[in-house]
Trainee: 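Submitted below is the structure of interest, expressed as structure tokens.
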Amino acid sequence: MEHAARANYREHRSDPFPLSAAQHGLWFAQQLAPDVPICIAQYVDIRGQLDVDLFREVALVAGHEYESVFLRLVDVDGEPHQVVDPPADAAMGIVDFRSASDPMAAAEAWMQENYTARVDFKHDYLCESSLLRVGDERHLWYSRIHHVALDGYGAMTMVNRVAALYTAAVHGLELEPNRAADLHTLHRLEGDYRASHRFSSDRDYWAERLHTRTNGASLTDIDAPPAAHSLTVRAALSADTVARLEDTDGRPGATAAAALIAAFACYLSRRTGRQDVLVDIPLSARTTAVLRRSGGMLANVAPLRVQVRSDDTVDDLVTRVQHELMGAMRHQRGNVEDILRELGVSAEARRISGPMINVMLFDQDLTFGSLTGDFRILTTGPVPDLSVNVYRSGTPASTIVEFEANPYRYRDDDLRSHHAGVVGLIDELLAADPGTPLAVIGGWVCQVNGVTG
């Protein structure tokens with residue numbers, strides 16, 4: 001397969017250029033816990049007769065288009081810088097598990113060992129992909145991505161591009177040239193933003209929100225550092241609940257994301273006895289078309305303060321969450337870590353984190369020619385406390401509620417109990433009329449610190 005556009009790609013090592021504010025924050029966090037890689041990992045389960053040579057070729061094309069997969073870190077005068085440094089042989093590796101007694105189990109063990117392994121910034125590439133053969137007509141396209149190089153949004157953009165390139169090649173179609181910005185351009189755009197009025201507005205918004213910042217309520221009182229692996233519990237929402245969730249997007253002042261965050265905040269409030277809870281939400285920080293079609297690490301994590309009042313109705317809480325979400329989205333490029341540093345918050349205090357909820361209800365169906373790939377998330381990175389991921393997966397698609405928890409802070413049975421409680425509360429909150437008092441949702445009849453629970 002020939003690609004004339006290859007001549008436009010950077011085939012050699014670029015000059016070093018500085019990290020963005022978001023990248024530098026992640027680099028610093030990795031220095032504090034060098035044995036706990038800040039990586040995301042995922043795979044696409046592809047069944048059928050895959051043209052392996054073609055797949056490796058289009059994956060290489062996409063890698064050159066987005067550049068993040070060839071990113072390495074170097075030291076320049078004592079400061080970390082990044083370089084785009086394609087290796088001489090950049091083709092995707094292949095690992096064959098077909099001779100194992102249980103090929104899928106062997107592949108899963110291999111992937112876990114890979115994404116929990118330490119990343120050496122001095123020698124390692126920050127992203128890697130492999131094609132794992134687990135059957136004659138079944139392949140797992142696995143990727144491990146350090147957050148310094150690429151965020152989850154950028155990773156999905158690349159995955160979709162590979163699928164589109166493969167499909168176009170199979171059917172003999174021409175795709176429009178990729179309009180992703182290269183990483184040098186993204187760095188320049190970040191500088192332009194930080195010199196703009198928009199940056200000042202975003203900084204002022206978060207400074208006001210964070211000035212009286214309190215630590216997020218947690219479902220555990222055990223304090224411990226993050227681990228390279230997580231305890232995981234997941235279950236699919238019922239078809240009726242999914243239908244109600246989709247209907248929520250049609251209600252004024254509400255979205256599916258707001259309803260899910262409201263349900264989790266309600267559970268958190270009831271279990272901790274706190275009326276004012278703080279949950280973290282990831283934000284893509286891709287506020288322009290060029291940022292949305294590019295790779296790179298741009299994502300931000302922002303605290304969402306949610307008040308859960310004893311006299312709230314379902315609609316009161318969902319509307320309040322939606323209002324906070326809209327503010328966070330409008331100011332999502334403001335780097336919260338930066339702003340906390342400007343406010344004089346210590347590095348230790350900045351690392352204190354409560355639960356995070358990540359709602360990813362976008363379509364994850366992937367087509368490779370006539371083949372369908374099921375997208376699976378292995379990890380969203382080391383979890384300081386608890387991460388709640390809501391996403392679609394499988395064929396036909398199910399809506400999954402997944403808990404990833406710090407194994408040093410949660411026991412398996414406690415995590416399963418919390419997971420069941422949250423899923424149950426989501427079911428009941430979505431089934432209730434918007435005017436229903438929260439006090440009658442979930443069968444909570446006890447009083448905890450004055451809060452109905």
Side-chain angles (χ1 to χ4, degrees), residues 33 35-37 40-41 102 104-105 108-109 111-113 115-116 215-238 241-242 245 260-274 277-281 306 308 351-360 376-391 393-394 398-431 438 441-449 451-453:
D35 293 326
V36 183
I40 59 177
D102 186 339
M104 190 64 191
E108 288 173 338
M111 289 186 286
Q112 181 172 18
E113 182 178 1
Y115 70 72
T116 58
N215 294 329
S218 175
L219 293 171
T220 179
D221 57 5
I222 299 172
D223 189 21
H229 67 286
S230 301
L231 285 178
T232 304
V233 180
R234 62 176 65 89
L237 293 175
S238 70
T241 297
V242 172
L245 189 62
L260 289 165
I261 294 171
F264 179 69
C266 183
Y267 182 86
L268 191 61
S269 173
R270 288 172 166 181
R271 293 305 300 246
T272 62
R274 292 174 58 166
V277 297
L278 201 67
V279 295
D280 287 338
I281 58 169
V306 182
V308 185
R351 294 198 302 274
I352 295 174
S353 176
M356 176 184 289
I357 182 163
N358 190 7
V359 180
M360 302 170 281
R376 306 292 176 92
I377 296 171
L378 291 169
T379 180
T380 56
V383 181
D385 180 50
L386 173 68
S387 183
V388 181
N389 304 310
V390 187
Y391 60 93
S393 182
S398 297
T399 299
I400 308 297
V401 176
E402 176 186 81
F403 276 22
E404 285 186 285
N406 185 336
Y408 300 145
R409 302 190 67 184
Y410 289 87
R411 297 187 314 182
D412 184 71
D413 55 345
D414 290 335
L415 187 66
R416 292 183 182 279
S417 176
H418 288 311
H419 182 269
V422 169
V423 170
L425 194 55
I426 290 171
D427 289 340
E428 292 199 45
L429 187 143
L430 289 171
L438 283 180
I441 299 289
W444 291 72
V445 294
C446 62
Q447 287 284 125
V448 182
N449 294 342
V451 179
T452 302

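When a residue number appears, it is its place in the shown sequence, counting from 1.
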Trainee: Indicate the atoms forming the closest heavy-atom contact of Ile357 with Val279, along with that distance.
Mentor: CG2-CG2, 4.5 Å
Trainee: Can you find a pair of side-chain heavy atoms, one from Met356 and one from Val388, that are under 4.5 Å apart?
Mentor: no
Trainee: Strictly by modelled atom types, are Asp385 and Tyr410 linked by a side-chain donor-acceptor pair under 3.5 Å?
Mentor: yes
Trainee: Test Glu402 against Val233 for side-chain contact (heavy atoms from CB on, under 4.5 Å), laying out the working first.
Mentor: CA-CA 6 Å; Glu402 176 186 81; Val233 180; over 6 Å; no
Trainee: Is the shortest side-chain heavy-atom distance between Asn358 and Val390 below 4.5 Å?
Mentor: no
Trainee: Does a side-chain heavy-atom distance below 4.5 Å link Asp280 with Pro355?
Mentor: no
Trainee: Does any non-hydrogen side-chain atom of Tyr391 lie less than 4.5 Å from one of Ile377?
Mentor: yes
Trainee: Does the side chain of Arg234 reach to within under 4.5 Å of the side chain of Val401, using non-hydrogen atoms?
Mentor: no
Trainee: Less than 4.5 Å apart, any side-chain heavy atom of Phe264 and any of Val277?
Mentor: no
Trainee: Please assess Tyr115 against His229 for the test side-chain contact (heavy atoms from CB on, under 4.5 Å), listing each intermediate value before the final yes or no.
Mentor: CA-CA 9 Å; Tyr115 70 72; His229 67 286; 5.7 Å; no
Trainee: Let's go through Leu425 and Val423 carefully: what are the C-alpha distance in whole Å and the side-chain angles of both, what is the deciding distance for side-chain contact (heavy atoms from CB on, under 4.5 Å) to 0.1 Å, and is it a yes or a no?
Mentor: CA-CA 5 Å; Leu425 194 55; Val423 170; over 6 Å; no
Trainee: side-chain contact (heavy atoms from CB on, under 4.5 Å), that's the test. Do Asp414 and Thr220 meet it? Break it down for me.
Mentor: CA-CA 9 Å; Asp414 290 335; Thr220 179; over 6 Å; no
Trainee: Taking all non-hydrogen atoms of both residues, which atom of Ile400 and which atom of Ser393 are closest, and how far apart?
Mentor: CG1-CB, 4.4 Å
